[in-house]
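Since the structure comes first, as structure tokens, the remarks are kept for the end.
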Amino acid sequence: MKRTKMANKNLCIFILIATIVTQATWVRAEEFIVGDDKGWNFGVDFQAWMAGKDFHHSDTLIFRYEAGKHNVAKLTEQAAFDSCNLEKREWTLKACGGNTVYVSEGPNFLVSAMGEDCKNGLKILVTGKGPRMRALSENPRKVLGSPRVELINGPVV
């Protein structure tokens, strides 16, 4: 009987530690407004907008534009992206004035498939890295997403 209680106690401690470690290394995806305040429109330097940004799997890209003017489509390959071959579409979102796209790991060939938009430069290539991870040593409170969590000498809430 005593061994069973000790085994159960050890199992509970192991599960608690495993949960804390797992949660401590997971970080929420980030959200990006494509083109910032200029949106998904002509005249935006998307290369400059992407400079210094790291995109990861499950990050959110928000495309803002005038409804009916543009849309967002994902092409399947680099050659289709380079030549704006819209026959090679994986999907196309409605031209509603705002679309949300989740970044996939690897290349994301995103274009506007309205008229000649793609050929006129309304396209971006976003390369998604693996999921966001951070070490405990960076900032445990930020990583765990709660100011009420204390990892050392305090309660876990």
Side-chain angles (χ1 to χ4, degrees), residues 15-152 156-157:
I15 291 171
L16 177 63
I17 291 170
T19 302
I20 289 172
V21 169
T22 301
Q23 292 297 314
T25 57
W26 176 79
V27 178
R28 291 186 186 132
E30 289 193 28
E31 195 173 271
F32 300 93
I33 298 172
V34 177
D36 293 326
D37 59 334
K38 295 177 184 173
W40 180 236
N41 291 297
F42 293 116
V44 178
D45 183 350
F46 293 111
Q47 294 302 322
W49 174 78
M50 289 190 300
K53 290 180 175 67
D54 280 327
F55 300 99
H56 291 262
H57 180 267
S58 295
D59 280 352
T60 304
L61 300 176
I62 299 170
F63 292 81
R64 293 186 177 153
Y65 52 91
E66 186 179 328
K69 195 171 183 181
H70 308 297
N71 66 8
V72 181
K74 184 175 183 182
L75 302 183
T76 58
E77 59 189 45
Q78 181 77 50
F81 179 78
D82 293 340
S83 66
C84 292
N85 180 354
L86 302 178
E87 300 290 318
K88 302 278 187 167
R89 277 184 260 193
E90 188 172 320
W91 48 254
T92 302
L93 301 176
K94 291 183 180 179
C96 61
N99 298 116
T100 299
V101 173
Y102 296 100
V103 175
S104 300
E105 195 166 336
N108 293 259
F109 305 106
L110 304 169
V111 304
S112 175
M114 298 281 287
E116 298 291 310
D117 282 1
C118 181
K119 290 181 181 176
N120 290 324
L122 200 50
K123 59 184 184 176
I124 58 172
L125 169 55
V126 173
T127 302
K129 298 178 182 178
R132 293 184 180 277
M133 303 291 270
R134 289 206 180 113
L136 275 173
S137 61
E138 286 186 41
N139 183 346
R141 289 181 178 213
K142 183 176 179 184
V143 169
L144 291 171
S146 171
R148 297 178 54 204
V149 174
E150 295 289 335
L151 293 179
I152 301 171
V156 176
V157 182

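In this chain, residues are counted from 1 in sequence order.
- Side-chain contact check for T60 versus E30: every heavy-atom pair is 4.5 Å or farther apart.
- Nearest heavy atoms, F81 versus L125: CZ-N, 3.7 Å.
- The aromatic rings of H70 and Y65 lie perpendicular to each other, with more than 60° between the two planes, well past the 30° mark.
- By the side-chain contact (heavy atoms from CB on, under 4.5 Å) test, K119 pairs with C84, E116, sequence neighbours left out.
- Distance alone, capped at 3.5 Å, places no donor-acceptor pair between the K129 side chain and the D54 backbone.
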request  = Give the intermediate values and the outcome of side chain to side chain contact (heavy atoms under 4.5 Å, CB included) for residues L75 and L86.
outcome  = CA-CA 7 Å; L75 302 183; L86 302 178; 4.2 Å; yes
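- Between N108 and the options L61, V101, V126, a side-chain contact (heavy atoms from CB on, under 4.5 Å) holds for only V126.
- Nearest heavy-atom pair, G98 versus C96, reported as atom, atom and distance to 0.1 Å: O-SG, 2.9 Å.
- What you find for R89 and A113 is that their closest heavy atoms are NH1-CB, 3.7 Å.
- Across every non-hydrogen atom of P107 and K74, the tightest pair is O-CE, 4.5 Å.
- In this structure, N85 has no side chain to side chain donor-acceptor pair (under 3.5 Å) partners at least two apart in sequence or on a different chain.
- With hydrogens and angles ignored, the 3.5 Å screen pairs no side-chain donor or acceptor of W40 with any backbone N or O of L122.
- Environment of CD in E90: crowded, with over 12 heavy atoms of neighbouring residues, nucleotides or ligands closer than 6.0 Å.
- Of the possible donor and acceptor atoms, one in the side chain of H56 sits under 3.5 Å from a partner among the backbone N and O of G130.
- A distance-only check finds a donor-acceptor pair linking the side chain of T76 to the backbone of K88 [under 3.5 Å].
- Ring orientation note: the planes of F32 and W49 are nearly perpendicular, at an angle over 60° on the 30°/60° scale.
- Closest approach of G39 to V44, counting heavy atoms only: O-CG2, 3.6 Å.
- Under the salt bridge (Lys or Arg N to Asp or Glu O under 4.0 Å) criterion, K69 pairs with no residue, sequence neighbours left out.
- Separating the CZ atom in R64 from the CG atom in N99 is a distance of 11.5 Å, to the nearest 0.5 Å.
- In this structure, CZ in F109 is found 8.0 Å from CD in E77, a value given to the nearest 0.5 Å.
- Within 6.0 Å of the CZ atom in F42, the count of heavy atoms belonging to other residues, nucleotides or ligands exceeds 12.
- Under a cut-off of 6.0 angstrom, the local environment of NZ in K38 is sparse, with at most 12 non-hydrogen atoms contributed by other residues, nucleotides or ligands.
- In this structure, R132 pairs ionically with D59, as a charged nitrogen and a carboxylate oxygen lie closer than 4.0 Å.
- Considering V111, L93, T92 as possible partners of N71, the one that fulfils the side-chain contact (heavy atoms from CB on, under 4.5 Å) test is T92.
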